[in-house]
Amino acid sequence: MADSYDFRSFERSWQERWERDGIYRADDASAKPKYYAMDMLPYPSGDLHIGHAKNYTLGDAVARMHRMMGYEVLHPIGWDAFGLPAENAAIDRNIDPGVWTTESILKMRRQIRLMGTSYDWSREIATCEPEYYRWNQWLFIRLYEQGLAYKREAPVNWCPRDRTVLANEQVEDGRCWRCGTLVERRKLSQWFLKITDYADRLLDDLATLPGWPERTKTMQRNWIGRSEGVVFSFAIDGLDERIEVFTTRIDTVYGATFLAVAPEHPVAEALTAIVTPEHAAAMAAFAASLKSKSELERTSLMEKEGIFTGAYAIHPLSHERVPIWVTNYVLADYGSGALMGVPAHDERDYEFATRHGLPVTQVVIPPSAAGSEAFTEPYVDDGKLVASGDFSGMSSAHARDAIAERLSAMSIGGKSVNYRLRDWLISRQRYWGTPIPIVYCEGCGEVPVPDGQLPVILPPRALKVGEGSPLASIAEFVETTCPACGGPARRETDTMDTFFDSSWYYLRYLSPHDDRAPWDPESAAHWMNVDQYIGGAEHTVLHLLYARFFYKFFIDRGWVTGRDEPFEHLFHQGLVLRDGDKMSKSRGNVVGVDETAERNGVDAMRLFLLYVTPPEDTSNWTDDGISGRVRLLNRIWRACEPFFARHSDVEGRPATPTASSPAEKSLLRAVHVVAKSATEETRSHRFHYNATIARVDELVNAMTAADEATRGSEAMKYAVNALPVLVAPFAPHIAEELWARMGHAASVHLERYVEPDMSVLAVDEITLVVQVNGKVRARVSAATGVTEDAAVALAMADPNVRAHLDGKEIRKRIYVADKLLNLVVG
Ligand SMILES: [Zn+2]
Ligand SMILES: [Zn+2]
């Protein structure tokens, strides 16, 4: 037995013991209140670095706190195991993606266990297993039956590098979310999920999620992009067709001096019948020039190009002839693929009109304007209508209603709601994903695979470089018989977007090996919804939107009950940088989990990640930072060491004793300050355990600084027994080792957390003034006699102080005990 703190002698063996004893297994039948704490399921990329470790460490602290606060905690983990990186890695190495994925999972599972995480491994899932993806297929068919999965030809986003289509949510600033290549537009026949049917609920129900970060909700709101306006149509001079447009500014309709349509709009084709051959040829050439252009290039990067079609529309109210142009900046699949051009009141239309010599007609003026002022620039705000027929003189708001009514009375339009959200494109022309369970029969058409024939198994190793679905080249897969008529049929060869897999995995954890249903409804009734979800902010309009859509569908089917949102609280942890830089293999600055655990120990790594900043902030890895945490662990050890195996009452913890001296009083108080911080940070879902760990520092100081009399007191005995319990959620290994050495038989992780006692807390507290460069930035409360180090730690836990430090190095600190701390930065 080592005499000093030696993490190597116990960290691994405790992990094995916890696993063997199954102390983190969630009991479905427990009478305790349930708590479902979930981390976003990782993609098995192979190697973990310290940035990933931050997520798991925070999730683990949250799960452990709840367990110790009396909850039955479900804290599962699994693998988002399908997807392109595995397929590409497998092509590079000429091996099966399944083999590569299995190896990566093995490696990552070992590393995640190494971090001392308290997952219930009995519920582990991997989405690439037939046992899992069978239910993707089952769910797809249920969506299909409800008309929520459908195939149609549409212009779609195509990544030329990954050789597959992408959902709109996977295009960021016109580029592929995965590889950054400019996305092209192609017209292909693809499978979509009708998420737009849920647009209103997905939008409105964000208001029922106070436990989500505001920024995430705002991004979802903007993505769904609900706008209220008017849909109406223009007649075409000389053609029995109409062009429909949507606008939020119908009050500017008299200022429409042209119509802009996408070259892919069906009307463009129809117009060629009434225009001169020269115009028709020019339109065809223009359309061809845009064919390979990305959406980003068309809408943002390119000049606002266009050509006159030679045809005119008739303005429905003024009856004037309005020229029809085809333009690059209108896309066929947004809105109706056509819009009215109002250069006087829209920046983009103004730019286009001035470039092409189109008239600018002002029809709205500022409320205070006389109307005689010369036009200088587009006026985009509401105002007063001029030159607008019967509507002149009305306010914009009034005119919007009045004009909508008029168009409605004319039966050519009316009020309408438009969304930015499009249906979710789930077809992928890649191998490593769930086969879409549809067959095509000459006689019966599109036929879903019957439930009894699921899963449609992904054939082994169909790697193919080049375009088209790899599965299409495997005859044994493609050729099948029609489930309806028994005749020859062909299988669908596209696979599903892997975001399908992750849209419902939180339910699979509830009965991971169930072969009768995707999940057990009784377990779902017990455990759902997820109380706390923790993961990165990068999936805000992808996974987090799709999962909400699926859950609402499940609610509608009655497969889950209660709240129709899957995630009650959501937390996005910040990144970890190294000396200010993002960690990456190419920079060679990656801090690995294995090396850190080996050098400094798992507890030090965990404490560092929880302590260095509040969890939502970006933290910076430094060697000094981890050394500081190693020192704290050493001090915790030394504070407890004199009490190893000295107790006769090893059965449990002593109750809070009555203090018989001021020193004892402040010692007891220090215990309850930690308990109060940890409990409050947990209940508030703020998880600023950095502040809690700063309080642990104070407690250890109080213990080591105690005089002879206090050292032998009941108060000290109480504090020594409380310390392992207090640090158990954050540094679980040292907590367990100290607890055992004090003579306790059961695991410290089965203990109840210290309940903060207000009567113990209500003693001498001082207010410390914190300055940055001589200016007061915060006032923090601390115990009398707080040390300089602890004072700095408390100051650093304050967001305002951190904001003013702005990541700069502290050059000098001036400490006036119990009064003032001034941090000087360069
Ligand atoms: Zn790509
Ligand atoms: Zn058939």
Side-chain angles (χ1 to χ4, degrees), residues 43 45 80 82-92 97 100 137 141 144-145 151 155-188 190 292-298 300-301 422 424-433 435-454 456 463-470 475 477-502 538-539 541-543 546 584 586:
Y43 184 80
S45 56
D80 193 10
F82 271 140
L84 257 186
E87 188 166 346
N88 290 341
I91 290 171
D92 287 348
W100 186 87
Q137 295 171 337
I141 291 165
Y144 181 84
E145 288 165 352
K151 194 174 196 184
V156 295
N157 308 297
W158 173 266
C159 174
R161 180 148 175 219
D162 290 330
R163 303 184 307 276
T164 186
V165 299
L166 301 167
N168 283 339
E169 288 78 10
Q170 291 162 341
V171 180
E172 293 165 357
D173 295 331
R175 292 173 189 279
C176 170
W177 71 298
R178 188 183 294 288
C179 71
T181 307
L182 274 178
V183 167
E184 293 174 4
R185 310 284 298 167
R186 289 196 177 183
K187 206 164 183 182
L188 291 169
Q190 301 285 295
S292 67
K293 294 288 190 265
S294 71
E295 181 181 324
L296 177 72
E297 284 177 292
R298 281 180 56 172
S300 307
L301 300 180
R422 301 286 118 196
W424 173 16
L425 196 174
I426 59 148
S427 293
R428 292 293 176 275
Q429 290 73 48
R430 297 299 302 234
Y431 164 68
W432 193 231
I436 294 175
I438 293 285
V439 301
Y440 302 99
C441 164
E442 206 131 298
C444 317
E446 214 172 75
V447 183
V449 175
D451 290 355
Q453 292 176 27
L454 299 179
V456 175
L463 294 177
K464 181 176 154 234
V465 184
E467 284 188 12
S469 299
F477 177 81
V478 176
E479 287 159 20
T480 184
T481 49
C482 170
C485 71
R490 295 174 61 80
R491 285 195 192 280
E492 169 63 62
T493 55
D494 283 352
T495 53
M496 292 182 199
D497 181 0
T498 57
F499 280 96
F500 193 109
D501 316 359
S502 54
E538 65 273 21
H539 296 316
V541 294
L542 287 156
H543 163 60
Y546 298 151
S584 73
S586 55

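Counting convention: from 1, in listed order, for ligands and their atoms alike.
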_Working to the nearest 0.5 angstrom, can you tell me the gap between Arg185 CZ and Trp158 CH2?_
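Reported value, rounded in 0.5 Å steps: 14.0 Å.
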Counting N and O atoms only, with roles assigned by atom type, does the side chain of [X] sit under 3.5 Å from a partner on the main chain of [Y], one being a donor and the other an acceptor?
{"X": "Thr481", "Y": "Gly486", "value": "no"}
{"X": "Gln137", "Y": "Pro435", "value": "yes"}
{"X": "Thr495", "Y": "Arg430", "value": "yes"}
{"X": "Glu87", "Y": "Trp432", "value": "yes"}
{"X": "Glu184", "Y": "Pro160", "value": "no"}
{"X": "Gln170", "Y": "Ala167", "value": "yes"}

*Among pairs that include at least one residue of residues 161-184, which meet ring-ring contact (aromatic ring centres under 6.0 Å, His included), considering only residues two or more places apart or in two chains?*
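Qualifying pairs, neighbours excluded: Trp177-Phe499.
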_Just to verify, what does Glu442 make a side-chain contact (heavy atoms from CB on, under 4.5 Å) with, not counting sequence neighbours?_
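For Glu442, no residue satisfies side-chain contact (heavy atoms from CB on, under 4.5 Å) once neighbours in sequence are set aside.
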*For the Zn ion (ligand 1), state how many protein N, O or S atoms fall inside a distance shorter than 2.8 Å.*
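Every protein N, O or S atom under 2.8 Å from the Zn ion (ligand 1) counted, the figure is 4.
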*Which atoms of the protein, restricted to N, O or S, are nearer than 2.8 Å to the Zn ion (ligand 2)?*
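Atoms qualifying: Cys441 SG, Cys444 SG, Cys482 SG, Cys485 SG.
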